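Remarks on the structure that follows.
Here the structure is a predicted model, which means the values were calculated and not measured. Indexing begins at 1, ligand by ligand and atom by atom, following the structure's order.
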Amino acid sequence: MAENEKVAIVTGGARGIGKEICRELLAMGMTVTAVDLKAELLDKLPGELGNPGAKLQTAVCDVTDSDNFSKLIEDVAEKHGRLDVLVNNAGITRDNIVLQLTDDDWDLVLKVNLKSAFIGTRAAGKIMMRQRSGSIVYMSSYSGLEGNRGQANYAASKAGMLGLMKSTAKELAKRSVRCNAVCPGFIQTDMTDVLPQQAKDMAMEQIPMQRFGKPSDIAKAVAFLASDSSAYITGQTLSVDGGMHT
Ligand code: NAI
């Protein structure tokens, strides 16, 4: 399947890293559906991305809503006759030290970051297994590999995504459906802009390349894993973090 005939879904596609992933996949000629909670941001997306070939679609959907998110994936596949790429990118933080974490903040982060990826995997996986091809990419994190003070819930969700990814990779490989994860380090987006300067300074000290990442740094790694350039790669975790995790 030529890259420009592929059909992709990107969750959390309205801003930040997800938006850049949409841009990158569109540049490869893919038909892309950006899924997000935020209708007002999705409305602006075609203008912001230029919508080459009018191949960008948007869909308002809460990815924790199992029925709606699953149906959305089925609808996209039905409309375009196939589904080649799912990027499980939507994610949130609710940071606090573990001794003060509330049940609600634990549950919410696990639901948005991890359960949504499971829901997406199950729905897309069925379509891709029938099709005998596909690539599912999981947006994990450096925190999921190493843990991070103040992020026990987030780190657990991101480590959980790696377990989900590796298990699914083993189950789906026989029909050439691939699953891989990207672990960003510190990337400049709205999610990290809100951190106090002291936290940013401490993060910078840990980055061998001495710069924060850009959303496009992550999007290029996702594009590689989404494409046939990585046709023989599955079950892998790719760190994109300026050298933090080695
Ligand atoms: P962001 O906050 O700028 O964008 C996340 C998007 O996900 C938002 O548009 C938001 O509306 C959407 N979203 C949140 N909950 C949703 C839901 N229930 N249903 C549908 N959409 C939902 O975040 P950013 O920085 O672009 O992060 C994207 C992914 O990369 C996240 O999974 C994050 O955990 C991960 N990541 C980010 C890092 C960073 O330094 N920015 C580092 C490591 C991982």
Side-chain angles (χ1 to χ4, degrees), residues 9-24 33-45 48-49 58-73 86-95 105 107-120 137-148 150-151 153-162 164-165 181-195 199-200 202-204 206-207 211-219 221-222 225 237-242 244-245:
I9 295 174
V10 180
T11 71
R15 70 177 199 186
I17 292 170
K19 181 163 95 176
E20 287 309 305
I21 295 169
C22 291
R23 193 194 303 277
E24 202 66 36
T33 300
V35 179
D36 210 286
L37 274 180
K38 298 195 169 78
E40 69 285 3
L41 292 182
L42 284 177
D43 286 346
K44 288 193 237 153
L45 205 58
E48 287 174 339
L49 298 183
T58 61
V60 181
C61 177
D62 181 346
V63 292
T64 67
D65 183 327
S66 187
D67 289 346
N68 277 345
F69 183 32
S70 302
K71 175 136 190 346
L72 170 68
I73 290 172
L86 170 66
V87 186
N88 286 308
N89 167 76
I92 59 165
T93 53
R94 288 291 182 277
D95 294 352
D105 282 347
D107 289 344
L108 183 64
V109 168
L110 268 287
K111 199 172 171 189
V112 174
N113 297 1
L114 180 56
K115 189 176 178 199
S116 71
F118 156 65
I119 296 166
V137 184
Y138 299 78
M139 197 55 63
S140 181
S141 170
Y142 175 78
S143 297
L145 291 169
E146 299 278 345
N148 193 20
Q151 289 201 311
N153 51 353
Y154 181 80
S157 73
K158 295 298 185 180
M161 287 179 89
L162 298 179
L164 168 66
M165 177 277 290
V182 173
C183 286
F186 192 107
I187 312 302
Q188 269 182 308
T189 67
D190 294 325
M191 183 184 263
T192 48
D193 281 348
V194 296
L195 293 172
K200 291 183 190 170
M202 281 169 61
M204 184 65 91
Q206 295 178 49
I207 306 172
R211 71 164 174 89
F212 295 136
K214 301 184 293 261
S216 59
D217 292 321
I218 306 305
V222 172
L225 292 172
T237 303
L238 179 55
S239 284
V240 184
D241 61 6
M244 279 204 288
H245 181 78

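The protein non-hydrogen atom at the shortest distance from atom 15 (N) of ligand 1 is V112 CG1, 3.7 Å. The protein atom (non-hydrogen) at minimum distance from atom 28 (C) of ligand 1 is N89 OD1, 3.3 Å. Considering only non-hydrogen protein atoms, atom 1 (P) of ligand 1 sits nearest to R15 NE, 3.4 Å. The closest protein non-hydrogen atom to atom 13 (N) of ligand 1 is A90 CB, 4.1 Å. Closest to atom 7 (O) of ligand 1 among all protein heavy atoms lies G12 CA, 3.4 Å. Protein heavy atom closest to atom 25 (O) of ligand 1, with residue, atom name and distance, is T189 OG1, 2.5 Å. Of the protein's non-hydrogen atoms, the one nearest atom 11 (O) of ligand 1 is D36 OD1, 2.6 Å.
The shortest N/O to N/O separation between I17 and ligand 1 falls below 3.5 Å. Polar contact with ligand 1: present for D62 (N/O pair, distance under 3.5 Å).
Residue contact check for ligand 1: G185 places a non-hydrogen atom closer than 4.0 Å to it. For the ligand labelled ligand 1, residue T11 lies outside the 4.0 Å heavy-atom shell. Distances shorter than 4.0 angstrom occur between a heavy atom of K158 and an atom of ligand 1.
Using modelled atom types, one side-chain atom of N153 and one backbone atom of R94 make a donor-acceptor pair closer than 3.5 Å. Side chain of S239 to main chain of D241: no donor-acceptor pair is present (N/O by atom type, distance under 3.5 Å, no hydrogens or angles). Distance alone, capped at 3.5 Å, places no donor-acceptor pair between the T237 side chain and the A181 backbone. With S140 contributing its side chain and K158 its backbone, the two residues share a donor-acceptor pair below 3.5 Å.
Contacts between Q188 and ligand 1, counted as non-hydrogen atom pairs separated by less than 4.0 Å, are absent for every part of the residue. Residue-level proximity to ligand 1 for I187 is carried by backbone and side chain together, each with a heavy atom below 4.0 angstrom. Contact annotation for Y154 and ligand 1: only side-chain heavy atoms (C-beta onward) come within less than 4.0 Å of the ligand. With a 4.0 Å heavy-atom cut-off, ligand 1 is reached by the backbone of C61 but not by any atom from C-beta on. Only the backbone of S140 comes within 4.0 Å of ligand 1, counting heavy atoms alone; no side-chain atom from C-beta on gets that close.
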Q | Derivation of the side chain to side chain contact (heavy atoms under 4.5 Å, CB included) call for L162 and Y138 | A | CA-CA 8 Å; L162 298 179; Y138 299 78; over 6 Å; no

Q) salt bridge (charged side-chain N to carboxylate O under 4.0 Å, His left out) between R211 and D217: does it pass, once the steps are laid out? A) CA-CA 12 Å; R211 71 164 174 89; D217 292 321; 3.0 Å; yes

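Considering only heavy atoms from C-beta on, L108 comes within 4.5 Å of I92 through its side chain. Proximity of L49 to C22: side-chain heavy atoms (C-beta onward) are separated by under 4.5 Å at one or more points.
No more than 12 heavy atoms of other residues, nucleotides or ligands sit less than 6.0 Å from atom NZ of K71.
Looking at L45, N89, L41, V10 one by one, the single match for side-chain contact (heavy atoms from CB on, under 4.5 Å) with K19 turns out to be L45.
Between A39 and V60, the shortest heavy-atom contact is CB-CG2, 3.7 Å. Listed here is the closest heavy atom pair of D62 and F69: O-CB, 4.3 Å.
For ligand 1, the atoms lying closer than 4.0 Å to a non-hydrogen atom of M139 are 29 (C), 30 (O), 35 (C). Interface of G16 with ligand 1, defined as ligand atoms under 4.0 Å from a residue heavy atom, comprises 26 (O).
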